[in-house]
**Student:** 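Shown below is the structure under consideration.
Quantities reported herein were computed from a predicted structural model and do not represent experimental measurements. No hydrogens, no waters, no symmetry mates; every other heavy atom, side chains included, goes into these values.
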Amino acid sequence: MSTGLIIALIVIVAVVVAVAAVLTLRARGPRHGASLKRRFGPEYERAVARHDGDTKAAERELSERVERHGSLQVRPLEPAERERYEARWTAAQERFVDAPREAVAEADRLIAELAGTRGFPAGGQYEEQVAALSVHHAHHVEGYRRVHRVAQAHPDGAHDGAAGTEEMREAMVEARALFEELVRPSRHDGGRRGVAGERTAAPAARRDGHRTPSLLHRRQAKES
């Protein structure tokens with residue numbers, strides 16, 4: 001076999017490999033994006049919007065979150081811990097009647113503490129904690145962001161009348177979904193999903209289901 005023929009074969013093989021690699025990347029890209037979209041749901045759209053519609057940049061960010069936090073091992077709660085967290089959330093909602101701003105601040109602290117207890121980054125690392133929560137609770141993490149924004153807002157930034165109170169009420173209602181996901185026994189808790197856990201998790205959802213709106217109505221009635 002001549003040297004020229006050998007070189008030609010090498011070139012042909014190199015071209016075939018390059019074309020195959022390009023086709024593989026093209027095929028993998030949409031599937032990878034679709035997988036991220038399924039996993040992150042509203043978080044995917046939020047990331048795309050934050051990157052001004054650049055889906056590739058958004059997908060790189062979300063992929064990095066999965067690499068950092070996808071293997072995080074969530075620690076189960078002891079039944080007594082679960083009861084304490086549920087009692088604190090209920091107390092925060094009841095406090096909303098007379099002190100909505102303080103109640104929202106407590107809800108913000110409570111979710112940060114609960115997430116840290118479950119094994120997510122500590123509340124002092126808010127951005128990293130939210131990133132980790134978005135990997136495992138993508139459909140509800142926005143509620144935490146919202147209650148955190150409201151809790152961190154300066155009291156002079158908005159009057160504490162009907163509009164301000166309504167914004168705080170909505171933030172607490174939205175954040176409650178993440179709280180309930182974090183506090184309830186998961187399928188990975190094994191033996192810890194005991195009778196005590198079953199008794200406390202479900203009634204809490206029933207107790208709290210419409211408590212905040214009704215408390216708000218009572219507050220408005222007192223003011224009128």
Side-chain angles (χ1 to χ4, degrees), residues 39-41 43 65-66 68-152 168-216:
R39 176 168 192 161
F40 282 94
E43 268 299 289
R65 290 192 211 175
V66 173
R68 292 201 312 272
H69 304 295
S71 60
L72 183 147
Q73 297 297 310
V74 179
R75 185 184 80 79
L77 292 175
E78 297 288 348
E81 288 179 306
R82 183 173 298 113
E83 289 179 1
R84 284 196 298 273
Y85 280 117
E86 289 174 341
R88 287 176 60 187
W89 185 269
T90 299
Q93 291 190 140
E94 290 173 345
R95 191 179 184 188
F96 191 92
V97 178
D98 298 310
R101 194 172 299 281
E102 289 80 357
V104 169
E106 171 62 10
D108 178 42
R109 288 191 297 268
L110 185 53
I111 292 177
E113 182 183 330
L114 174 56
T117 300
R118 294 303 306 265
F120 292 91
Q125 310 170 58
Y126 170 74
E127 294 296 340
E128 198 64 12
Q129 186 181 67
V130 169
L133 286 167
S134 74
V135 173
H136 297 270
H137 300 281
H139 290 270
H140 298 301
V141 70
E142 184 60 23
Y144 179 28
R145 287 196 188 97
R146 186 173 183 184
V147 84
H148 184 76
R149 285 195 301 269
V150 173
Q152 296 299 311
M168 289 184 281
R169 184 196 71 82
E170 291 175 355
M172 282 200 70
V173 169
E174 190 173 352
R176 187 177 63 226
L178 177 61
F179 171 81
E180 290 177 349
E181 281 207 349
L182 288 172
V183 82
R184 71 161 61 101
S186 71
R187 64 181 181 277
H188 303 297
D189 286 1
R192 297 183 188 273
R193 189 199 287 264
V195 174
E198 295 288 354
R199 280 201 302 265
T200 57
R206 290 196 297 269
R207 283 198 310 269
D208 299 345
H210 301 286
R211 182 183 295 274
T212 303
S214 63
L215 292 178
L216 174 58

**Student:** Between CZ of F96 and CD of E102, what distance do you get to the nearest 0.5 Å?
**Tutor:** 11.0 Å
**Student:** Looking at L77 and V183, what are the two nearest heavy atoms and their distance?
**Tutor:** CD1-O, 3.8 Å
**Student:** Are any non-hydrogen side-chain atoms of W89 and E180 less than 4.5 angstrom apart?
**Tutor:** no
**Student:** How many angstroms lie between atom CG of L114 and atom OH of Y85, to the nearest 0.5 angstrom?
**Tutor:** 5.5 Å
**Student:** Might you point out which heavy atoms bring V147 and D108 nearest each other, and give the distance in Å?
**Tutor:** CG1-CA, 4.1 Å
**Student:** Would you give the length of the straight line joining atom CG of L110 to atom CZ of R84, rounded to the nearest 0.5 angstrom?
**Tutor:** 12.0 Å
**Student:** Within the side chain of Q73, is there an N or O that forms a donor-acceptor pair under 3.5 Å with the backbone of S71?
**Tutor:** yes
**Student:** A side-chain contact here means heavy atoms from C-beta on lying under 4.5 Å apart; do L182 and L133 qualify?
**Tutor:** yes
**Student:** Given side chains that start at C-beta, do those of S134 and H69 come closer than 4.5 Å, heavy atoms only?
**Tutor:** no
**Student:** Of all the heavy-atom pairs spanning A112 and Q129, show the shortest one and how long it is.
**Tutor:** O-NE2, 3.0 Å
**Student:** Under 4.5 Å between any side-chain heavy atoms of F40 and V66, yes or no?
**Tutor:** yes
**Student:** Could you grab the distance from atom CZ of F179 to atom CE of M172, nearest 0.5 Å is fine?
**Tutor:** 9.5 Å
**Student:** Under a 4.0 Å threshold between the charged nitrogen and the carboxylate oxygen, would R145 count as salt-bridged to E43?
**Tutor:** yes
**Student:** Do the side chains of H148 and Q152 get nearer than 4.5 Å, heavy atoms only?
**Tutor:** yes
**Student:** When the ring centroid of H136 is compared with that of F120, is the distance short of 6.0 Å?
**Tutor:** yes
**Student:** Compare every heavy atom of A92 with every heavy atom of E106, then report the nearest pair and how far apart it is.
**Tutor:** CG-CB, 3.8 Å
**Student:** As an exercise, state the distance from CD of E128 to CZ of R65, rounded to the nearest 0.5 Å.
**Tutor:** 10.0 Å
**Student:** Could you pull out the closest heavy-atom pair between R184 and R118, with the gap in Å?
**Tutor:** O-NH1, 3.9 Å
**Student:** Do the charged groups of R75 and E81 touch, with an N to O distance under 4.0 Å?
**Tutor:** yes
**Student:** To the nearest 0.5 Å, tell me how far E174 CD sits from R146 CZ.
**Tutor:** 5.0 Å
**Student:** Before you tell me yes or no, could you show the steps for R88 and E113 under side-chain contact (heavy atoms from CB on, under 4.5 Å), namely the whole-Å CA-CA distance, both residues' side-chain angles and the distance that decides it to 0.1 Å?
**Tutor:** CA-CA 12 Å; R88 287 176 60 187; E113 182 183 330; 3.0 Å; yes
**Student:** Identify the two heavy atoms, one from L72 and one from G119, that lie closest to each other, and give their separation to 0.1 Å.
**Tutor:** CD1-O, 3.6 Å
